[in-house]
2 protein chains.
Amino acid sequence: MVAQRPARPPRPTDDVRPRALAAATRLFAARGFEGASLQDVAGEVGVTKQALLYHFASKEELRRAVLGAMVTHWNEALPRVLLAASAADDRFDAVVGELLRFFASDPDRARLLVRHLLDRPAESRELIASHVKGYVAAISSYIARGRERGTHRADVDPEAYVAAVLQLLVVGVASLPVLDVVLDGPRAKAAPRVIAELRRIARVALFPAEAPAPAPRRPTRTRSTARTARRGDP
Amino acid sequence: MVAQRPARPPRPTDDVRPRALAAATRLFAARGFEGASLQDVAGEVGVTKQALLYHFASKEELRRAVLGAMVTHWNEALPRVLLAASAADDRFDAVVGELLRFFASDPDRARLLVRHLLDRPAESRELIASHVKGYVAAISSYIARGRERGTHRADVDPEAYVAAVLQLLVVGVASLPVLDVVLDGPRAKAAPRVIAELRRIARVALFPAEAPAPAPRRPTRTRSTARTARRGDP
DNA sequence: CTTTCTGCTTACCGACTGGTAAGCGAGTGT
DNA sequence: ACACTCGCTTACCAGTCGGTAAGCAGAAAG
């Protein structure tokens, strides 16, 4: 009577594939694609190399799957993020803030992306053209309109600006564990300081001066910037 | 009876070492340390792998030599750059401009640095602490003084700012061959557009608004900004 | 001449790489 | 009972990796 075989009816231990993707993401991000072997990935998952090769026909396919999972994750999360941000009063701060939390929530994906850019520029161009360019075009056209209205700086180059800011956020997050060396304060506070500065740089590069006076003690407008303004130690 | 062995008296074909360093720099930057084999490097130099291993006892030592050559090159060139810049009227624009030209003049070194940050965070921290932190501290204390005087923005976090801008310049240059995908204009003009925008972002994130009106058509003060301000196509 | 050193080359090496082939136990369908 | 597929495991492979050992041509020193 059971005529349907929908997708994956009785898969008891089918969780090795997602776990392999997670482990591969971590290892490829940490050591690079060439630096992490199939045995390393298999070892972290707790299976043999051949079990891995059963799920992914080749290492190259594992790579594609890892990258595919990354863009899938982003394509699912980003529209929600951008929509939520566009509802807020200060769209830009919300978008940048969400992007930062987004990348910072798993730096491995940011590192993976940077490595991919370095390892495979040609494939990266395709990936960007098919999955990133749309976002960039939307945001930059929005910026261009704001520029015409005078709500955004007149000297901004929208597309280049978005590209630069995206880059800044991604590698800022990717290199957080190294960046704190140049900061003087307590190392624990380094990450939020850098992130706050990234937000500030992105913001002031887009908006005209809100206060002509040089010392705006008041957080200007949003309450999220209030947290940004404080800096710690004497 | 020969007591003197000065340094390297008669070395006819001793140029394999510098050529190997150049080739290794290129290959490590392009494929990563694990992705480029000793044979690859040797092949590019035109010698055998064992000839390479004669000059560099191990691949790891080749890596150290490549990185050492990079920091040596920078330590020789940077002070000259910074001094020349500090003589100019608009110090900041000059410094950023020189840094950009500096990194853009050989993107391989920028890529190599980014890869090193990803591959060996711990060693990168040491390298930064010993060779970069000094520059950052000097520039950021200079910025901090400017901030007190009101010539720099009050909300800037000097150290975090310098770290972020350095990062922006380095990876901006490293990822130039990929970035142009998101730009609409002619691909040939992409690099200068992105670089101009990087300069603009770094500048406006540091200096207070020069004109309270939203449309500053006049270059306000320096003549180098006049060149920066122009954007190409309609 | 002989000795000694440099800058290689040839010949190997074991470890490990990604990948293939075949088998096999457990569950399922008929 | 049977065949069949799934999800592996064991066994094995050729190729490449970084690295070692020894020899060898040539120049320099005695």
Distance check: side-chain N/O of H55(A) vs OP1/OP2 of dC8(D), anything under 4.0 Å? yes

Along nucleotides 9-22 of chain D, 5' to 3', which nucleotides get a B, which get an S, and which get a -, given that the test is a protein heavy-atom distance under 4.0 Å? BBBB----SBBB--

Should F103(A) and W74(A) be marked as a ring-ring contact (aromatic ring centres under 6.0 Å, His included) after you check the CA-CA gap, both sets of side-chain angles, and the distance that decides it? CA-CA 10 Å; F103(A) 290 129; W74(A) 286 354; 5.4 Å; yes

Between [atom2] on [N] and [atom1] on [X], what's the gap in Å once rounded to a whole number?
X: E61(A); N: dG18(C); atom1: CD; atom2: P; value: 15 Å
X: R17(B); N: dT6(C); atom1: CZ; atom2: P; value: 15 Å
X: F56(A); N: dC8(D); atom1: CZ; atom2: P; value: 11 Å

Grab the two heavy atoms, one from K59(A) and one from F33(A), that are nearest each other, plus how far apart they are. NZ-O, 2.8 Å

If we check side-chain contact (heavy atoms from CB on, under 4.5 Å) with L99(A), which of these qualifies: V165(A), L78(A), L198(A)? L78(A)

As an exercise, state the distance from CG of L169(A) to CG of L168(B), rounded to the nearest 0.5 Å. 10.0 Å

May I ask you to check whether N75(A) and T72(A) show a side-chain donor-acceptor distance below 3.5 Å? no

When you check the gap from the basic side-chain N to the acidic O, do R19(A) and D15(A) get nearer than 4.0 Å? yes

